[in-house]
K.L.:
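Dropping the structure in here first, questions after.
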Protein chains: 2
Amino acid sequence: MRSVGKMAELLRVIAHPARLRILEELTKGVKCVSDFEEFLEISQPNISQHLSLLRNHGIIDYYMDGRLRCYFLIDPVIPDILELLRKDYAETLPAPACCPVTKKGKYPGERKR
Amino acid sequence: MRSVGKMAELLRVIAHPARLRILEELTKGVKCVSDFEEFLEISQPNISQHLSLLRNHGIIDYYMDGRLRCYFLIDPVIPDILELLRKDYAETLPAPACCPVTKKGKYPGERKR
DNA sequence: GGCATACATTCAAATATTATTATATTTTTA
DNA sequence: TAAAAATATAATAATATTTGAATGTATGCC
């Protein structure tokens, strides 16, 4: 079981639009840096920096193909997280039943929303 | 379908150890601020700051019970994400099949790991 | 009304993240 | 072997996040 610290670290590392798009692409297959340049409107060094961050955290890896670096996903939780994020939830969660569970609480007052 | 920017924003907001612990507790039921003080080793104002951030992003809400604020989850994706993060994955993803999909690539060279 | 409780807000300092620019590295090709 | 291609690294500047300290606000109770 992952610690809360590790969970936070993982989320922090993927919580960036460019990195999410990189990961989305990698769930479809191997991609090299120049492939990413085609659809990310950020500079090449910046793409490399995002890729390095993901690799340093064990989320992706690469192999060499001539002078290309072919990146691919290695962390299996990533496709699952992306699938959840794409999902549409119709409703917010049901409001809690009338009586608060909190230790000090008594009968609930007005809901402020 | 959530935009990549919205996905990143959601992840960024929950990607903090204290906020993850708050959310873990809230998946179990309603909690007020003093309940959180018992297991988070951070100051009361800091707890309030984290709660405000989560509320400003539509992840939690509260109702008043006398002078207690009873917080509860409203974003339905949160329990699902937490469940995924708790899950243990035995293996890393399988390495990609031998031939890179990348446009420019030829036959893969040595894997550098 | 006055005090205590429960909690929020504000401001500032410390720290972390991000993007930019310039430069370096590695491999292929001519 | 020199040049070009593909990519990484380093340094810096801009921005965002986090925390701590002080103070503010609302509610219930005496």
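By convention in this document, chain letters (A, B, ...) are assigned in the order of the sequence lines, proteins followed by strands, and residues within each chain are numbered from 1. All values below come from the heavy atoms of this structure, side chains included, with hydrogens, waters and symmetry mates left out. Here the structure is a predicted model, which is why all the values come from computation and not from measurement.
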K.L.:
Only counting residues at least two apart or in another chain, list the ones meeting side-chain hydrogen bond (donor to acceptor under 3.5 Å, both in side chains) with A:Arg21.
P.N.:
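In terms of side-chain hydrogen bond (donor to acceptor under 3.5 Å, both in side chains), with neighbours along the sequence ignored, A:Arg21 is linked to no residue.
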K.L.:
Taking OP1 and OP2 of C:dT9, is either one under 4.0 Å from a side-chain nitrogen or oxygen of B:Ser52?
P.N.:
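For C:dT9, OP1/OP2 do have a side-chain N/O of B:Ser52 under 4.0 Å.
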K.L.:
Does a side chain donor of either A:Asp80 or B:Tyr89 reach within less than 3.5 Å of an acceptor in the other side chain?
P.N.:
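Result is yes, a qualifying pair exists.
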K.L.:
In whole angstrom, give the distance that lies between atom CD of B:Gln44 and atom P of D:dT23.
P.N.:
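Taking CD of B:Gln44 and P of D:dT23, I get 15 Å after rounding.
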K.L.:
Pull out every residue in residues 3-18 of chain A that has a heavy atom closer than 4.0 Å to any atom of DNA chain C, ordered by number, or say none.
P.N.:
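Under 4.0 Å from DNA chain C: A:Arg12, A:His16.
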K.L.:
Any side-chain N or O of A:Ser43 less than 4.0 Å from the OP1 or OP2 oxygen of C:dT21?
P.N.:
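No, because none of the side-chain N or O atoms of A:Ser43 sits under 4.0 Å from OP1 or OP2 of C:dT21.
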K.L.:
List, one per line, each side-chain donor-acceptor pair under 3.5 Å for residues 4-16 of chain A, sequence neighbours excluded.
P.N.:
unit_1, atom_1, unit_2, atom_2, d
A:Glu9, OE2, A:His57, NE2, 3.4
A:His16, ND1, A:Ala18, N, 3.0

K.L.:
On a plain distance test, is the side chain of A:Gln49 in donor-acceptor contact with the base of C:dT17 below 3.5 Å?
P.N.:
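There is none.
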K.L.:
With sequence neighbours left out, what residues match A:Glu37 under side-chain hydrogen bond (donor to acceptor under 3.5 Å, both in side chains)?
P.N.:
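Here no residue qualifies.
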K.L.:
Indicate, with a heavy-atom threshold strictly under 4.0 Å, whether A:Tyr71 touches base, sugar-phosphate, or nothing.
P.N.:
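Sugar-phosphate contact only - A:Tyr71 comes under 4.0 Å of backbone atoms but never of a base.
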K.L.:
At less than 4.0 Å, is any side-chain N or O atom of A:Arg19 found next to OP1 or OP2 of C:dT18? Yes or no.
P.N.:
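Answer yes for this pair, as a side-chain N or O of A:Arg19 is under 4.0 Å from OP1 or OP2.
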K.L.:
According to side chain to side chain contact (heavy atoms under 4.5 Å, CB included), who are the partners of B:Pro45, at least two apart in sequence or on a separate chain?
P.N.:
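Side chain to side chain contact (heavy atoms under 4.5 Å, CB included) list for B:Pro45, sorted by chain: B:Ser43.
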K.L.:
Measure CG/A:Leu68 against P/C:dT29 and give the value in whole Å, please.
P.N.:
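These atoms are roughly 11 Å apart.
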K.L.:
Below 4.0 angstrom from OP1 or OP2 of D:dT18, is there any side-chain N or O of B:His50?
P.N.:
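Negative; the distance criterion is not met.
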K.L.:
Let me spell it out: for each of A:Ile47 and A:Arg67, pick the nucleotide of DNA chain D with the closest heavy atom. Which residue's pick is nearer the 5' end?
P.N.:
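That would be A:Arg67.
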K.L.:
Checking B:Gln44 now: which residues fulfil side-chain hydrogen bond (donor to acceptor under 3.5 Å, both in side chains) with it, not counting sequence neighbours?
P.N.:
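If we apply the side-chain hydrogen bond (donor to acceptor under 3.5 Å, both in side chains) test to B:Gln44, skipping adjacent residues, the hits are B:Ser48.
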K.L.:
In whole Å, what is the span from the NE2 atom of A:His57 to the P atom of C:dA16?
P.N.:
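That distance rounds to 13 Å.
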K.L.:
Please report the distance, rounded to the nearest Å, between CE in B:Met64 and C1' in C:dT5.
P.N.:
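In whole Å, C:dT5 C1' lies 12 Å from B:Met64 CE.
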K.L.:
Calculate, to the nearest 0.5 Å, the distance between atoms CZ and CG belonging to B:Arg19 and B:Leu26 respectively.
P.N.:
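Nearest 0.5 Å value for the CZ-CG distance: 13.5 Å.
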K.L.:
Expressed as a whole number of angstroms, how long is the span from A:Glu38:CD to D:dA6:P?
P.N.:
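A:Glu38 atom CD is separated from D:dA6 atom P by 11 Å.
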K.L.:
How close or far is atom C1' of D:dT17 from atom CG of B:Asn56, stated in whole angstroms?
P.N.:
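After rounding, the reported distance stands at 15 Å.
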K.L.:
Would you kindly give the CG-to-P distance between B:Asn46 and C:dA12, to the nearest whole Å?
P.N.:
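Interatomic distance, CG of B:Asn46 to P of C:dA12: 19 Å.
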K.L.:
For B:Arg69 and C:dT5, what is the distance between atoms CZ and P respectively, to the nearest whole Å?
P.N.:
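Taking CZ of B:Arg69 and P of C:dT5, I get 19 Å after rounding.
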